[in-house]
Amino acid sequence: MSPQSKEYSRTREVFLGVVLFVFGLLISIALFCFDPNQSQLVSTEAVDTQLYRSLIGELGISFSFWVTRFIGLSGFAIPLFLLWFSFVILFKLPRVFSKFVWLYSFFAILALTGLFSICHIYLFGGKALTGFFENKFSAGLGGIVGLKVFDQFLLPLIGSVLSFIVLVVILLASIWLIFRRTESVVEGEKKSLRLLKWIKRVCSWLWCFVSRSLVICYGLIKK
């Protein structure tokens with residue numbers, strides 16, 4: 001690659017890093033400053049007097065409302081990932097930044113929604129939240145997506161304990177793939193494939209163990 005091509009490539013990387021940093025910063029401000037009463041979907045009376053409380057205006061209010069409603073507390077992971085990606089690009093950190101990193105981020109947030117739904121159901125009894133969380137997460141800590149992932153999909157299929165284990169495994173694997181340190185993209189992708197195969201093997205072992213345990217328990221109960 002010629003020096004001109006390298007310079008052009010680096011310029012594009014810096015531009016992408018700055019864009020990700022700005023979006024990460026704006027989303028962080030929007031989520032941390034968000035008050036449900038600022039949204040017209042929650043309150044039509046207080047919006048005119050409280051609009052100034054969101055530092056990026058009505059756009060930030062609407063964005064925060066829909067993020068907290070659909071993915072709940074997991075929405076705070078979005079600016080975290082964006083800021084991390086910007087640091088990786090801008091400071092040339094020895095981390096892998098490939099096209100798959102967005103997929104890993106998606107699975108990490110998806111697993112978080114399920115885990116936060118579990119916390120809401122089993123720690124708070126699924127009741128309305130109070131204090132800092134009051135009215136802020138209208139669909140629970142995991143949002144609508146969390147309820148779909150855990151309450152309507154995983155819970156009837158494999159139960160709460162195995163659901164928790166599966167979600168934790170997905171979350172840890174995704175986080176490792178996002179923040180991992182490696183020498184090259186090719187080597188990183190090879191390690192990712194090996195990790196995914198290992199996770200698949202562990203999940204199959206867990207499924208066999210749980211299914212056999214259920215069969216044994218059922219047999220003991222019948223006796």
Side-chain angles (χ1 to χ4, degrees), residues 20 23-43 54 56 58-85 99-179 192 196 199-200 203 206-207:
L20 291 176
F23 272 98
L25 189 62
L26 290 176
I27 292 173
S28 300
I29 295 172
L31 289 174
F32 278 103
C33 296
F34 174 63
D35 184 335
N37 292 323
Q38 296 169 334
S39 176
Q40 294 180 350
L41 297 171
V42 177
S43 173
S54 176
I56 60 172
E58 190 174 353
L59 179 62
I61 293 172
S62 300
F63 174 83
S64 301
F65 173 81
W66 290 113
V67 166
T68 53
R69 178 159 181 79
F70 275 94
I71 60 176
L73 196 58
S74 309
F76 288 87
I78 295 176
L80 173 65
F81 290 152
L82 291 177
L83 292 172
W84 170 250
F85 299 152
K99 59 184 177 181
F100 294 106
V101 78
W102 306 108
L103 184 63
Y104 306 149
S105 303
F106 170 79
F107 280 112
I109 292 175
L110 195 66
L112 278 173
T113 60
L115 290 172
F116 283 132
S117 289
I118 292 175
C119 292
H120 189 194
I121 292 172
Y122 291 99
L123 295 183
F124 299 98
K127 299 178 181 177
L129 301 169
T130 58
F132 173 77
F133 302 108
E134 186 175 5
N135 296 328
K136 201 161 191 175
F137 304 99
S138 55
L141 290 179
I144 295 174
V145 175
L147 291 174
K148 295 288 184 181
V149 170
F150 172 67
D151 197 40
Q152 299 182 19
F153 177 66
L154 289 178
L155 184 61
L157 185 65
I158 57 177
S160 57
V161 176
L162 193 56
S163 297
F164 177 79
I165 294 173
V166 169
L167 290 171
V168 168
V169 169
I170 294 174
L171 176 62
L172 294 178
S174 301
I175 289 177
W176 183 86
L177 290 169
I178 292 170
F179 295 96
S192 302
L196 292 174
I199 292 172
K200 183 179 179 181
C203 290
L206 285 172
W207 174 253

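The shortest heavy-atom contact between Ser64 and Ala30 is OG-O, 3.0 Å. For the residue pair Pro79 and Gly24, the shortest heavy atom distance occurs at CB-O, 3.3 Å. The minimum heavy-atom distance linking Gly142 with Ser117 is given by the pair CA-OG, 3.5 Å.
Counting heavy atoms from C-beta outward, Ser160 and Phe150 have side chains that approach closer than 4.5 Å. Between Leu155 and Ile121, the closest side-chain pair of non-hydrogen atoms is not below 4.5 Å.
At least one donor-acceptor pair closer than 3.5 Å links the side chain of Thr113 to the backbone N or O of Leu110.
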Going through the checks in order, is the side-chain contact (heavy atoms from CB on, under 4.5 Å) test met by Phe107 and Leu177? CA-CA 11 Å; Phe107 280 112; Leu177 290 169; over 6 Å; no
Yes or no on side-chain contact (heavy atoms from CB on, under 4.5 Å) for Phe76 and Phe32, after CA distance, side-chain angles and deciding distance? CA-CA 9 Å; Phe76 288 87; Phe32 278 103; 3.9 Å; yes
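Under the 30°/60° scheme for interplanar angles, the aromatic rings of Phe85 and Phe81 are found to lie parallel.
Remark: of the listed residues Val149, Leu154, Leu115, Asp151, Leu154 is the sole one forming a side chain to side chain contact (heavy atoms under 4.5 Å, CB included) with Ser163. The only member of Leu167, Val161, Val168, Leu162 that meets side chain to side chain contact (heavy atoms under 4.5 Å, CB included) when paired with Phe164 is Val168. Exactly one of Ile109, Thr68, Val145 qualifies for a side chain to side chain contact (heavy atoms under 4.5 Å, CB included) with Ser74. That residue is Ile109.
Annotation: the span from Ile118 atom CD1 to Leu141 atom CG amounts to 12.0 Å, rounded to 0.5 Å. Annotation: the span from Ile71 atom CD1 to Trp66 atom CH2 amounts to 13.5 Å, rounded to 0.5 Å. Going from atom CD1 of Ile170 over to atom CD1 of Ile165 covers 12.0 Å, rounded to the nearest 0.5 Å. Ile175 CD1 to Leu112 CG: the interatomic distance, rounded to the nearest 0.5 Å, is 6.5 Å.
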